[in-house]
**Student:** 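Handing you a structure now.
When reading the values below, keep in mind they use all heavy atoms of this one structure, side chains included, and skip hydrogens, waters and symmetry mates.
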Amino acid sequence: MGRVSEIRDDSADSSAHPRRFGVLRSWKTAPYLVGSGLAMMGDNIEHVITYWVLWQKFESPALVGFQLISHWLPFLLLSVYAGSLAERFDCRRLIQIGQGLFMFVSLCWGILFLTDSLQLWQACVLLVIHGLAGCLWGPAEQMMLYDFAGRSELPSAVRINATFRSLGILFGPVVGAVLLLSFGPTWGIFINIIFYLPLTIFLMRTPFTGHTRSGSPNKTRTTLVQSLRVLVDVRHNRSIISMLLLAALASITIGAVLQTAMPVFGGLLTGPGGDSDFTYGLLLFALGAGGVLGGFFLEATGWVRPTPAAAAVAAAGLGASSIVFAFTSHLWLALIVLVLAGVCKITAESTEMAIIQLEAPTEIRGRVIGSYSMFGPGMQTFSGVTVGVLGTIATIPQAVTIGGSVLAIGAIGIGAYVLAGRGRRVG
């Protein structure tokens with residue numbers, strides 16, 4: 001009881017100035033952040049290995065489309081309900097269930113590869129389970145961050161967590177390719193299970209549950225339909241609504257579009273006699289490196305405060321960077337702009353999530369976080385449609401230009417919407 005009181009009292013001190021990288025110096029938080037980064041790396045390793053095998057075996061463009069849909073559609077349909085589960089239950093166990101599902105899927109892939117018995121329907125089922133695991137993981141992960149760090153260090157914890165996840169996304173494909181080439185797809189996917197274990201084991205030892213600071217979990221049962229009422233509950237909070245709109249706008253306009261369109265730009269930016277595959281790799285690395293460098297830079301300087309205006313400016317910067325990238329014919333400028341785009345992306349997303357958590361009422365925090373996952377990652381379900389339709393009507397660079405322009409203008413409009421609300425309250 002004394003330990004719980006101490007944690008709750010610490011959360012009340014929101015005025016204390018947080019230390020730079022303070023969450024990484026804490027025994028209670030650092031292993032969690034590292035474990036989350038490793039788990040995200042495992043997620044991306046699995047994509048590299050399984051997507052390669054699925055294409056070699058089935059050569060189905062329809063299956064490629066299903067891979068994207070199965071990954072993001074659970075976030076769109078079930079994130080808010082996953083948030084309600086995070087409010088009701090021990091978040092440690094929800095995350096462990098998610099990690100267990102990831103490991104189960106990797107194990108099943110490995111057995112099917114080993115026995116050469118993989119069928120199309122089995123692949124579809126495993127892809128859906130993988131998407132559901134990520135959906136279940138998201139809100140519980142963020143609830144745990146609040147529990148670990150408290151209000152004063154929450155923006156730092158969200159930022160560092162996003163940075164470590166970016167590290168996993170950046171190096172996951174590299175490690176996946178190494179495992180694929182060194183051990184083959186079967187043993188490579190078996191080895192991938194190891195990446196999910198550190199977080200799973202750590203959660204067996206930590207006393208934090210996702211509810212330690214805020215009190216007992218909310219025991220009210222919530223159906224899938226009832227969980228969506230959270231949007232009605234927060235409709236008057238302009239900060240939350242604006243962050244949801246920013247997340248949705250970025251996902252639909254740019255979202256996964258840059259990565260999806262990157263092979264096209266790899267060909268366009270490769271000079272005569274050059275290697276377009278190498279250029280493609282450089283472009284992807286620059287975008288990922290921008291996220292990692294941006295996260296560490298923001299934490300080291302503390303320049304960006306968790307305000308709606310900062311999130312809107314960063315989102316507008318992402319749109320503007322995308323426009324410049326789409327127009328340039330110089331590889332060196334494209335790489336610089338992609339690094340800046342990565343910085344803007346992690347700034348916008350980490351700022352949005354910090355605001356969501358700080359503004360959300362305690363009793364519905366999980367569902368508000370789930371709403372953000374629905375409007376953010378969930379809306380990436382439609383980003384492929386965006387680039388496909390616009391790319392058909394125009395060209396891929398023009399599609400990116402249109403998406404970036406809509407994002408930049410929309411972000412400025414959302415920022416003005418928040419500022420207008422504040423001026424009205426003052427008046």
**Student:** Is the shortest heavy-atom distance from the side chain of L33 to the side chain of L145 under 4.5 Å?
**Tutor:** yes
**Student:** Is it true that E87 and R365 make a salt bridge, defined as a side-chain N closer than 4.0 Å to a carboxylate O?
**Tutor:** no
**Student:** Less than 4.5 Å apart, any side-chain heavy atom of R93 and any of Q96?
**Tutor:** yes
**Student:** With a 3.5 Å distance limit and no angle check, can you tell me whether Q122 reaches the backbone of Q119 through a side-chain donor-acceptor pair?
**Tutor:** yes
**Student:** Closest approach of L154 and A354, non-hydrogen atoms and distance?
**Tutor:** CD2-O, 4.3 Å
**Student:** Would you compute the distance between atom OG of S373 and atom CD of E141 and round it to the nearest 0.5 angstrom?
**Tutor:** 9.0 Å
**Student:** Verify whether the ring centers belonging to F265 and F325 lie closer than 6.0 Å.
**Tutor:** yes
**Student:** Minimum heavy-atom separation for L136 to P139, with atom names?
**Tutor:** O-CD, 4.0 Å
**Student:** Enumerate the residue pairs fulfilling ring pair (Phe, Tyr, Trp, His ring centres under 6.0 Å) with a member in residues 92-120, sequence neighbours excluded, ordered by first and then second residue.
**Tutor:** F102-H130, F102-W137, F102-Y196, W109-F113
**Student:** Say you draw a straight line from CG of L340 to OG of S321; how long is it, rounded to the nearest 0.5 Å?
**Tutor:** 5.5 Å
**Student:** Assess, by modelled atom type and distance only, whether the side chains of E46 and S106 contain a donor and an acceptor separated by less than 3.5 Å.
**Tutor:** yes
**Student:** Verify side-chain contact (heavy atoms from CB on, under 4.5 Å) between L179 and I189, making sure each step is shown before the conclusion.
**Tutor:** CA-CA 8 Å; L179 290 176; I189 201 69; over 6 Å; no
**Student:** Is any side-chain heavy atom of L54 less than 4.5 Å from a side-chain heavy atom of L118?
**Tutor:** yes
**Student:** Hey, is the main chain of L358 close enough, under 3.5 Å, to the side chain of R151 for a donor-acceptor pair?
**Tutor:** yes
**Student:** Can a donor-acceptor pair be found, under 3.5 Å and without considering hydrogens, that links the side chain of S251 to the backbone of G376?
**Tutor:** yes
**Student:** Given 3.5 Å as the limit, does a donor-acceptor pair link the side chain of T206 with the main chain of L203, or not?
**Tutor:** no
**Student:** Would you say the side-chain atoms of Q67 and Y51 include a donor-acceptor pair closer than 3.5 Å?
**Tutor:** no
**Student:** Give the C-alpha distance, both sets of side-chain angles, the deciding distance and a yes or no for side-chain contact (heavy atoms from CB on, under 4.5 Å) between L85 and Y81.
**Tutor:** CA-CA 6 Å; L85 293 178; Y81 186 65; 4.1 Å; yes
**Student:** As an exercise, state the distance from CD of E352 to CG of L246, rounded to the nearest 0.5 Å.
**Tutor:** 5.0 Å
**Student:** Is the backbone N or O of G188 less than 3.5 Å from a side-chain atom of N192, with the two atoms forming a donor-acceptor pair by type?
**Tutor:** no
**Student:** Could you report the tightest heavy-atom contact between I356 and V368, atom names first, then the distance?
**Tutor:** CG2-CG1, 3.6 Å
**Student:** Less than 3.5 Å apart, any donor N or O on the side chain of T212 or D147 sitting next to an acceptor on the other?
**Tutor:** yes
**Student:** Please list, chain by chain and in numerical order, all residues satisfying ring pair (Phe, Tyr, Trp, His ring centres under 6.0 Å) with W121, sequence neighbours excluded.
**Tutor:** none
**Student:** First locate atom CZ of R238, then atom CD1 of I414, and finally report the distance between them rounded to the nearest 0.5 Å.
**Tutor:** 12.5 Å
**Student:** Step by step, would you call T351 with V158 a side-chain contact (heavy atoms from CB on, under 4.5 Å)?
**Tutor:** CA-CA 8 Å; T351 304; V158 170; over 6 Å; no
**Student:** Under 6.0 Å from the CZ atom of R229, do we count more than 12 heavy atoms belonging to anything else shown?
**Tutor:** no
**Student:** Once the angle between the rings of Y32 and F148 is folded into 0 to 90°, is it parallel (under 30°), tilted (30 to 60°) or perpendicular (over 60°)?
**Tutor:** tilted
**Student:** Using the six-membered ring wherever Trp is involved, compare the ring planes of F171 and F285 and label them parallel, tilted or perpendicular (cut-offs 30° and 60°).
**Tutor:** perpendicular
**Student:** Can you tell me how far apart NZ (K57) and OG1 (T50) are? Round to the nearest 0.5 Å.
**Tutor:** 14.0 Å
**Student:** Looking at residues at least two apart in the chain, or sitting in another chain, which of them share a ring pair (Phe, Tyr, Trp, His ring centres under 6.0 Å) with W187?
**Tutor:** F190
**Student:** Do V125 and I129 make a side-chain contact, defined as non-hydrogen atoms from C-beta onward lying under 4.5 Å apart?
**Tutor:** yes
**Student:** Might you work through the salt bridge (Lys or Arg N to Asp or Glu O under 4.0 Å) test for E349 and R165, ending with a clear yes or no?
**Tutor:** CA-CA 12 Å; E349 291 178 353; R165 290 173 70 89; over 6 Å; no
**Student:** In the structure I gave you, are the side-chain heavy atoms of D43 and H71 within less than 4.5 Å of one another anywhere?
**Tutor:** yes
**Student:** Got M353 and I369 here, is their nearest side-chain heavy-atom distance under 4.5 Å?
**Tutor:** yes
**Student:** Could you report the tightest heavy-atom contact between A411 and A316, atom names first, then the distance?
**Tutor:** CB-N, 3.6 Å
**Student:** Has R92 got its NZ or CZ under 6.0 Å from the middle of the six-membered ring of F208, at an angle within 45 degrees of the ring axis?
**Tutor:** no
**Student:** Could you tell me whether the side chain of H211 and the main chain of A86 form a donor-acceptor pair under 3.5 Å?
**Tutor:** yes
**Student:** Do L197 and Q99 touch side chain to side chain, with heavy atoms closer than 4.5 Å?
**Tutor:** no
**Student:** Return the OG1 to CG distance between T200 and L38, rounded to the nearest 0.5 Å.
**Tutor:** 11.0 Å
**Student:** Tell me every residue that passes ring pair (Phe, Tyr, Trp, His ring centres under 6.0 Å) with F202, counting only those two or more places apart in sequence or in another chain.
**Tutor:** none
**Student:** Step by step, would you call F66 with C124 a side-chain contact (heavy atoms from CB on, under 4.5 Å)?
**Tutor:** CA-CA 8 Å; F66 184 78; C124 291; 3.7 Å; yes
**Student:** Show me the donor-acceptor pairs within less than 3.5 Å that the side chains of residues 287-302 make with the rest of the protein, sequence neighbours left out.
**Tutor:**
from, atom 1, to, atom 2, distance (Å)
E299, OE1, S156, OG, 3.1
E299, OE1, R159, NE, 3.1
E299, OE1, R159, NH2, 3.0
E299, OE2, F21, N, 2.8
E299, OE2, S156, OG, 2.6
T301, OG1, F297, O, 2.9
T301, OG1, W303, N, 3.4

**Student:** For F195, which residues count as a ring pair (Phe, Tyr, Trp, His ring centres under 6.0 Å) partner, sequence neighbours excluded?
**Tutor:** none
**Student:** Would you say that I252 contacts L407 through its side chain, given a criterion of any heavy-atom pair below 4.5 Å between the two side chains?
**Tutor:** no
